[in-house]
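Below is one structure, written out as structure tokens, with a few remarks after it.
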Amino acid sequence: MPVSCSSCVEKRAMLKRPKTGHSLCKECFFMAFEEEVHQTIVNASLFKSGETVAIAASGGKDSTVLAHVMKVLNERYNYGLELMLISVDEGITGYRDDSLETVKRNQQQYELPLKIVSYEELYGWTMDAIVKQVGRKNNCTFCGVFRRQALDRGALMLKVDKICTGHNADDVAETVLMNVLRGDIARLRRCTTISTASEGEGVVPRCKPLKYAYEKEIVLYAYFKKLDYFSTECIYSPNAYRGHARTFLKDLESIRPSSIVDIIHSGENLSVREGVKMPVQGTCSRCGYISSQALCKSCVLLEGLNRGLPKLGIGKHHRLHGKILSQQPLTEKEERKLKSVES
Ligand code: SF4
Ligand code: ZN
């Protein structure tokens, strides 16, 4: 027997909300989903009227839903925001070139300006070339560090006030778990914050309006709204450790759907004992970007690539950074260590 929507009680329910278990019709689901994002934005005062906001768009489901919902809410509630899209081209043949085509279509569909910044133009390296040098084990370290800075640089070119990213509840919960498993207290403390203030010059404040939106609901929203998004995985995606955290989280969710939001709440309520040493934020002596070391991670990784010593920025080689950068010769053993890509 058809079940009627538990919200409007008129229409036939089309889905069971993964987050709450409610049976809803399509329209009531759209409204519930959008209203929750609106509440997230209002409760955390994410935006101010008159601000220019760049949506980090990859062409994937999260950022496509984010762009759509931001446009709907901006109009429905008169946020007074000027929205635009910003995309990073990592230079991954067969993946990013195709997903950027989706972003370009989104630009037309949502009538938003689009800026694309590429690794090649910013760093002189594409991810295809980086993978050739570093192999397929540490490539995501390079990609993640470069992307963060690339988004900031693009946002500065566009002169936007804020960047919003499509990180969803599953991503945040997964990151909490990962930081617990790694014992990374500094990141654990930061990873649940919904918005960051500018951490220094060249760093644009960021926020996550989908922080409490479940991945499964984002997929349903995109599906029922027939949004145009790209769903292929990156060809260089080896991140095995994160994969285990993700599988673990999905297993927990299947037993108890509230696990995702419960993990986020646990992360939000953790406090770090006084006296625990935290990295001190300074600026990179080469490029001026924020860094807790003399050189930012991006400059160290780049230096390693340009010198054919790809492991320079991976693992604990801080002792050698100074030596390399002041052009002191390395011992044969040290060179060997930094050259090898598999360890
Ligand atoms: Fe970059 Fe790794 Fe993501 Fe691919 S999976 S886009 S290499 S961070
Ligand atoms: Zn730097």
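Just so you know, ligand 1 is whichever comes first in the structure, and atom 1 is the first atom listed for that ligand. These numbers come from a predicted model, not from an experiment.
Each of the following atoms of ligand 1 lies closer than 4.0 Å to a heavy atom of Cys143: 1 (Fe), 6 (S), 7 (S), 8 (S). Every atom of ligand 1 with a heavy atom of Ser237 under 4.0 Å away is listed here by number and element: 5 (S). The ligand atoms of ligand 1 that sit less than 4.0 angstrom from a heavy atom of Asn139 are 7 (S).
In this structure, Arg96 does not count as a contact residue of ligand 1, since none of its heavy atoms falls inside 4.0 Å of the ligand.
Closest of all the heavy-atom pairs between Gln107 and Leu112 is CG-O, 2.9 Å.
Cation-pi geometry between Lys162 and Phe47 is not met at under 6.0 angstrom from the ring centre and within 45 degrees of the axis.
Ion pair Lys211/Glu36 not flagged as a salt bridge, since none of the NZ, NE, NH1 or NH2 atoms sits closer than 4.0 Å to an Asp/Glu carboxylate oxygen.
Heavy atoms from other residues, nucleotides or ligands lying under 6.0 Å from CZ of Arg105 number more than 12.
Ring pair Tyr77/His38 is parallel by interplanar angle, where below 30° counts as parallel and above 60° as perpendicular. Using cut-offs of 30° and 60° on the angle between ring planes, the pair His265 and Tyr212 is tilted.
Counting backbone and side-chain atoms alike, Cys140 contributes an N/O/S atom closer than 2.8 Å to atom 2 (Fe) of ligand 1. Coordination check, Cys234 versus atom 4 (Fe) of ligand 1: passed, since an N/O/S atom of the residue sits under 2.8 Å.
Closest heavy-atom approach to atom 3 (Fe) of ligand 1 among the candidates Arg136, Glu90, Arg147: Arg147.
For the pair SG of Cys299 and SG of Cys287, the angle at the Zn ion (ligand 2) is about 110°; rounding is to 10 degrees.
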